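Structure first, commentary second.
Source: prediction; values computed, not measured.
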There are 2 protein chains.
Amino acid sequence: MDTTAPGPRPAPAPGSAPRRRDKAATRAALLDAARLRFGRHGYDGTGVRDIAADAGVDAALVFRYFGSKQRLYAEAVRAEVPAGLAADRRRPLEEVTADLLHDVVFADWSAYDGEHPLLVMLRSSGRDHVRAQLRTRICDDYLGEFARRLDGPDAALRAELLGALLLGMGVMRSLVGSPALGEASYERTRPLVDRLVAALAQAEEDGR
Amino acid sequence: MDTTAPGPRPAPAPGSAPRRRDKAATRAALLDAARLRFGRHGYDGTGVRDIAADAGVDAALVFRYFGSKQRLYAEAVRAEVPAGLAADRRRPLEEVTADLLHDVVFADWSAYDGEHPLLVMLRSSGRDHVRAQLRTRICDDYLGEFARRLDGPDAALRAELLGALLLGMGVMRSLVGSPALGEASYERTRPLVDRLVAALAQAEEDGR
DNA sequence: GTCTATACTGTGATAGAC
DNA sequence: GTCTATCACAGTATAGAC
């Protein structure tokens, strides 16, 4: 495991707030460090000691404040799904998917080392508790309203195909590091995605 | 799929029957066990002792035969990309993508606990050596010929979008366990994918 | 009350003696 | 080929210093 930040306690730099003995600040520091570490190295690749060292506190505080590594993970990786992304039925579909594209694929989630929390979780999908969290967030939070919008017999399936496309793009960019998608801009990618979304929306009209 | 390493071994002397303690057989058993374990629990969640126990041998053999856990992983997870998937320029595009759909998303890779090796690797993408392997296999092996087929300015990007879609579908099915895609059949899914592929191929004709 | 030191128990990879 | 020792490090718990 990563043994960066050794030593007992690097004295706080002059000017930085000497945050000692502040419960809320320590909790927040632990969460920030956890996001970064979990994002970079996944659940198993991260130790509570590393996180604590990054936050400048002792590892025991993880258990004091969060109970377990697992609960720390769950809390660190919880991010708000942008409210109303798919909620407003009056917005055109491409606009909503464009927002999703921006949010999931192109946004810079610097708190998670540049990756969307969902992609971060993907890396730890070997753990059952992570899978469950993932499924809920993707299928319910992100795609639920979508499925209701695209009605028709295959609505749920088509909504998940849309999710697969966006998620896959994020995976290609962040986890795989593919060249074209990695360098492409949001502006250049959007028309292609729009076209795909249109094809998906249109599919409800013909019998299959 | 079975990579029974065919080393040029001399045949045992006539009369000496025992096929137990066969180097090649032990190696193969270790590889099989490794595929299953790595598939189920990921790189970090798997111990060499588990693998060795599954194979019925001692853990030290892993190091004797493969040098390290990391090299065992690399070898276990290497699977042949179906030759000629995208190679034949005369096959219609939808046929080729349908093959990919079947191979990546719907095939039952029972040797890997039901998941395509690429998805298995995704779970371990926190490790740099895994990422490098991933990128090569996806972008070069699977999508390279594709990009050459779809010519036009955005060819590489569109090829990667196709990859993203298929990969994302696999992710939704295997790693996330999404309900609709999880239960959908290949036959029901294919027309939707065909439509998306058509939209992608068609995009080269209009200016963006 | 907030935090640190340290110990406990399990398991990881690996080396070297049989 | 196998067994066992080793040694680092994981998650977690507790006791007590500030």
Q: May I have the step-by-step check of side chain to side chain contact (heavy atoms under 4.5 Å, CB included) for V120(B) and W109(B), ending in yes or no?
A: CA-CA 11 Å; V120(B) 166; W109(B) 293 82; over 6 Å; no
Within the 4.5 Å heavy-atom criterion, are [X] and [Y] side-chain neighbours or not?
X       : Y       : result
Y112(A) : L119(A) : no
L134(B) : I138(B) : yes
M121(A) : Y73(A)  : yes

Q: Begin from the C-alpha positions of E160(A) and S178(B) and carry the test side-chain hydrogen bond (donor to acceptor under 3.5 Å, both in side chains) through to its verdict.
A: CA-CA 8 Å; E160(A) 285 189 15; S178(B) 65; 2.7 Å; yes
(Q) Under a 3.5 Å distance rule, please check whether R35(B) uses its side chain to pair with a backbone N or O of A111(B) as donor and acceptor. (A)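 Judged by distance alone, no pair lies under 3.5 Å.
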[N] [atom2] sits how many Å from [X] [atom1], rounded?
X       : N       : atom1 : atom2 : answer
F38(A)  : dG11(D) : CZ    : C1'   : 12 Å
I51(A)  : dC3(C)  : CD1   : P     : 17 Å
Y43(A)  : dA10(D) : OH    : C1'   : 11 Å
R27(A)  : dC3(C)  : CZ    : C1'   : 16 Å
K23(B)  : dG1(D)  : NZ    : P     : 7 Å
D50(B)  : dG10(C) : CG    : P     : 16 Å
R127(A) : dA10(D) : CZ    : P     : 14 Å
H41(B)  : dT11(C) : NE2   : P     : 14 Å

**Q.** Close residues, residues 60-71 of chain A, relative to DNA chain C [heavy-atom separation under 4.0 Å]
**A.**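 By residue number: A60(A), L61(A), R64(A), Y65(A).
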Interface polar pairs with nucleotides 7-9 of chain C, N/O, under 3.5 angstrom:
unit_1 : atom_1 : unit_2 : atom_2 : d
dA7(C) : N6     : R49(A) : NH2    : 3.4

Q.
Please give me the minimum heavy-atom distance between A156(A) and A147(A), naming the atom from each residue.
A.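 Heavy-atom minimum between the residues: CA-CB, 4.2 Å.
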Q: Assert yes or no for the condition that the ring centre distance of H129(A) to Y43(A) is strictly below 6.0 Å.
A: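 Judged by ring-centre distance (under 6.0 Å), H129(A) and Y43(A) do meet the cut-off.
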Q) Closest to the R21(A) side chain: dT2(C), dT2(D), dT12(D)? A)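 For the R21(A) side chain, the nearest candidate turns out to be dT2(C).
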Q: Only counting residues at least two apart or in another chain, list the ones meeting side-chain contact (heavy atoms from CB on, under 4.5 Å) with T46(B).
A: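 By the side-chain contact (heavy atoms from CB on, under 4.5 Å) rule, T46(B) matches R37(B), F38(B), H41(B), I51(B).
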